[in-house]
Protein chains: 2
Amino acid sequence: MAYSYEYPRPALTVDCVVFGVDEGALKILLIERGEDPFKGCWALPGGFVRMDETLDAAAARELKEETNVGKVYLEQLYTFGAPKRDPRGRVVTVAYYGLVNRVEHQPQAATDASAAAWYSAAKLPKLAFDHKEIVSLAIERLRAKVRYAPIGFELLPSKFSLTQLQRLYETVLDRELDKRNFRKKVLGLEILIDTGETEKNVPRRAAQLYRFDRKKYRQLTRDGFNFEI
Amino acid sequence: MAYSYEYPRPALTVDCVVFGVDEGALKILLIERGEDPFKGCWALPGGFVRMDETLDAAAARELKEETNVGKVYLEQLYTFGAPKRDPRGRVVTVAYYGLVNRVEHQPQAATDASAAAWYSAAKLPKLAFDHKEIVSLAIERLRAKVRYAPIGFELLPSKFSLTQLQRLYETVLDRELDKRNFRKKVLGLEILIDTGETEKNVPRRAAQLYRFDRKKYRQLTRDGFNFEI
DNA sequence: CCAAAAGTGTTTCACTTACACCCATGA
DNA sequence: TCATGGGTGTAAGTGAAACACTTTTGG
């Protein structure tokens with residue numbers, strides 16, 4: 001025990017890069033800092049890890065506290081520990097990235113955030129600390145992961161059309177996909193369930209709605225199947 | 001500033017899962033702990049992060065200090081922060097994984113390690129803390145990464161035969177590969193340079209030796225080429 | 001001359017890509 | 001009836017997988 005207390009300790013925080021997709025644009029949830037350092041500057045939601053909680057729990061808690069956004073798919077991204085990344089002294093941060101499907105719900109600022117809002121990933125404001133670097137890594141990871149894991153479904157409502165799904169992939173990967181090939185591919189994976197329902201109140205032919213079949217997906221991956229788009 | 005000091009801080013350590021390949025077996029570098037807790041138990045090399053060094057530097061330093069193994073390709077793996085993972089109190093550890101090509105060199109124990117040795121990944125001894133879990137994740141990551149990034153070359157001497165390279169992949173992926181297809185594939189990538197040299201003192205036809213062409217590889221990846229085996 | 005590994009091509013099959021038109025619906 | 005997106009099939013090309021024998025060398 002003594003040994004571990006011989007050294008001064010860095011402070012430990014968590015930060016969250018939360019993605020949403022809205023009208024074909026990739027969005028990121030930011031807060032406006034209400035406290036120094038970087039008071040008034042936009043930043044990732046996050047804060048100090050408590051002594052009795054896991055890192056995952058700290059990330060979810062801080063996100064909820066500062067933005068009132070909960071029920072998020074969160075996954076650890078990377079730990080940033082450059083000695084001068086925080087002007088207050090040594091602060092190491094464990095970064096998370098998350099996916100939400102309800103961009104339409106306005107986030108609510110709280111605790112040490114004076115505002116919370118969705119920003120388009122393509123034109124972010126200047127960010128506090130090294131948060132720009134964290135966001136870059138998160139986008140890179142999202143792009144890589146969306147191709148071999150079905151995390152895209154976390155960004156959509158539970159029932160969605162194939163066109164919505166395709167738009168999502170186009171948004172995240174930032175390139176156009178062929179409609180017929182895309183449909184052939186995803187339907188061929190057999191991880192979508194046709195709900196039998198169609199879109200409502202659209203001024204055109206209504207699209208078929210599907211749900212993601214989590215159970216089937218898990219079963220297939222166990223048998224060594226390989227999701228890829 | 002005050003804010004960051006209101007909270008008690010977890011201690012912060014780094015731990016390294018260092019891989020080597022020897023005679024067709026995947027090996028991991030372990031130390032025997034010379035201090036409590038878990039004195040006499042095998043564990044991953046690692047230790048406390050200093051206030052003025054990056055996390056990467058801390059990992060390399062601890063590895064060198066405890067095992068005298070240096071010049072290692074090290075990459076951050078994951079951060080483990082379960083509240084009870086260390087009996088001394090809250091200790092969060094940033095885990096790294098590394099690759100070495102000189103398994104034949106005996107590691108040398110030092111500082112708080114009473115011994116250092118290579119263990120076969122297939123039959124590790126009981127490990128201290130949650131190090132078993134860390135090793136599992138590292139193996140999973142190594143398997144995934146070796147397929148789409150040329151990190152395998154870090155595990156071989158600078159000049160190697162195609163058979164050595166194939167054995168390496170077979171070891172890491174734990175399955176057999178077809179000789180002709182393997183050679184066609186890797187030579188087709190055009191990232192190997194034929195050194196013109198052959199094996200020496202082998203009681204059979206001597207194999208051609210190759211080097212990995214780092215420059216060519218970087219150039220190709222910039223142009224959007226995709227390494228995959 | 002024997003043992004041991006080096007080296008070498010072809011065929012088959014699956015998957016990816018490119019590509020254009022008719023259909024259903026609400027306004 | 002028109003505008004809008006929904007929905008559909010085929011052919012060509014590319015890459016992966018399966019598969020066996022000859023060559024070289026040292027002992």
Side-chain angles (χ1 to χ4, degrees), chain A residues 21 23-24 146-148 150 156-157 159-171 173-211 220-221 223-229, chain B residues 21 23-24 146-148 150 156-157 159-171 173-211 220-221 223-229:
Chain A
V21 170
E23 289 168 12
V146 85
R147 298 200 47 200
Y148 66 86
L156 290 176
K159 297 174 186 175
F160 51 84
S161 69
L162 293 182
T163 300
Q164 273 181 292
L165 186 62
Q166 183 179 341
R167 294 272 175 279
L168 169 71
Y169 274 88
E170 289 177 332
T171 299
L173 299 176
D174 198 23
R175 66 187 168 95
E176 297 202 340
L177 301 172
D178 179 88
K179 180 160 68 158
R180 277 176 292 189
N181 293 337
F182 182 82
R183 296 164 98 92
K184 211 185 314 168
K185 184 70 206 261
V186 296
L187 290 176
L189 292 170
E190 298 191 303
I191 50 172
L192 295 188
I193 300 171
D194 187 335
T195 62
E197 298 173 57
T198 53
E199 290 177 304
K200 300 292 176 213
N201 305 320
V202 288
R204 55 159 192 272
R205 178 170 172 182
Q208 202 54 237
L209 296 180
Y210 295 83
R211 279 191 300 107
L220 286 170
T221 42
D223 304 348
F225 134 106
N226 192 10
F227 177 95
E228 195 164 320
I229 289 192
Chain B
V21 169
E23 290 167 11
V146 86
R147 297 197 49 203
Y148 65 88
L156 290 176
K159 296 173 187 176
F160 51 85
S161 69
L162 293 181
T163 301
Q164 272 180 291
L165 185 63
Q166 184 180 340
R167 293 270 174 283
L168 168 71
Y169 274 89
E170 289 177 335
T171 299
L173 298 175
D174 199 25
R175 65 187 168 96
E176 297 202 341
L177 301 173
D178 179 86
K179 181 159 67 157
R180 279 177 290 188
N181 292 336
F182 182 82
R183 296 163 98 91
K184 211 184 314 170
K185 184 73 207 258
V186 295
L187 290 177
L189 293 171
E190 298 191 302
I191 50 170
L192 295 187
I193 299 170
D194 188 334
T195 62
E197 296 172 58
T198 54
E199 289 179 304
K200 299 293 175 210
N201 306 319
V202 289
R204 54 156 196 274
R205 176 169 174 183
Q208 203 55 235
L209 297 179
Y210 294 83
R211 279 190 299 109
L220 285 169
T221 41
D223 304 348
F225 133 106
N226 191 10
F227 178 95
E228 194 163 321
I229 290 195

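We name chains A, B, ... by the order of the sequence lines, and we start the count at 1 in each one. Everything numeric here is computed off the predicted structure, so don't read it as measured data.
Between A:Phe227 and A:Leu189, the closest side-chain pair of non-hydrogen atoms falls below 4.5 Å. The side-chain heavy atoms of A:Leu168 and A:Phe160, taken from C-beta on, include no pair separated by under 4.5 Å. Side chains of B:Asn181 and B:Lys184 form a contact here, defined as non-hydrogen atoms less than 4.5 Å apart. Contact annotation: the side chain of A:Lys159 never approaches that of A:Ile193 to less than 4.5 Å [non-hydrogen atoms, C-beta and beyond].
As a whole-Å value, the separation of A:Arg180 CZ from D:dA11 C1' is 12 Å. Taking atom CZ of B:Arg183 as the reference point, atom C1' of D:dC19 lies 16 Å away to the nearest angstrom. Note: CD (A:Gln208) to P (C:dT25) measures 11 Å, nearest angstrom. As rounded to whole Å, 20 Å separates atom P of D:dG5 from atom CZ of A:Phe160. For the pair A:Leu187 CG and D:dT8 P, the interatomic distance rounds to 8 Å; values are reported in whole Å. We find that CG of B:Leu165 is positioned 16 Å from C1' of C:dG7, with the value rounded to whole Å. One atom, CG of A:Asn181, and another, C1' of D:dT14, lie 14 Å apart when rounded to the nearest Å. Between the NZ atom of B:Lys179 and the P atom of D:dT22 there is a distance of 14 Å, rounded to whole Å.
Between A:Pro203 and B:Thr163, the residue whose closest nucleotide on DNA chain C is further toward the 5' end is B:Thr163. Heavy-atom nearest nucleotides on DNA chain C were determined for B:Arg167 and for B:Asp178, and the one closer to the 5' end corresponds to B:Arg167. In terms of position on DNA chain D, the residue among B:Glu228 and B:Val202 whose nearest nucleotide sits closer to the 5' end is B:Glu228. Residue whose closest nucleotide on DNA chain D sits further toward the 5' end, between B:Ala206 and A:Ala207: A:Ala207.
Considering only side-chain atoms of B:Lys184, the nucleotide from D:dA16, C:dT10, C:dC19 that sits closest is C:dT10. Ranking C:dA24, C:dA6, D:dC19 by closeness to the A:Arg205 side chain, first place goes to C:dA24. When distances run from any side-chain atom of B:Arg204 to the nucleotides D:dC19, C:dA4, D:dG6, the shortest one goes to C:dA4.
Scanning atom types as modelled, no donor and acceptor separated by under 3.5 angstrom connect the side chain of B:Lys185 and the base of D:dA16.
Checked against A:Tyr210 for a side chain to side chain contact (heavy atoms under 4.5 Å, CB included), the options A:Leu187, A:Val186, A:Leu165, A:Leu156 give a single hit: A:Leu187.
Using a 4.0 Å heavy-atom cutoff across all strands shown, A:Asn201 reaches no nucleic acid atom at all.
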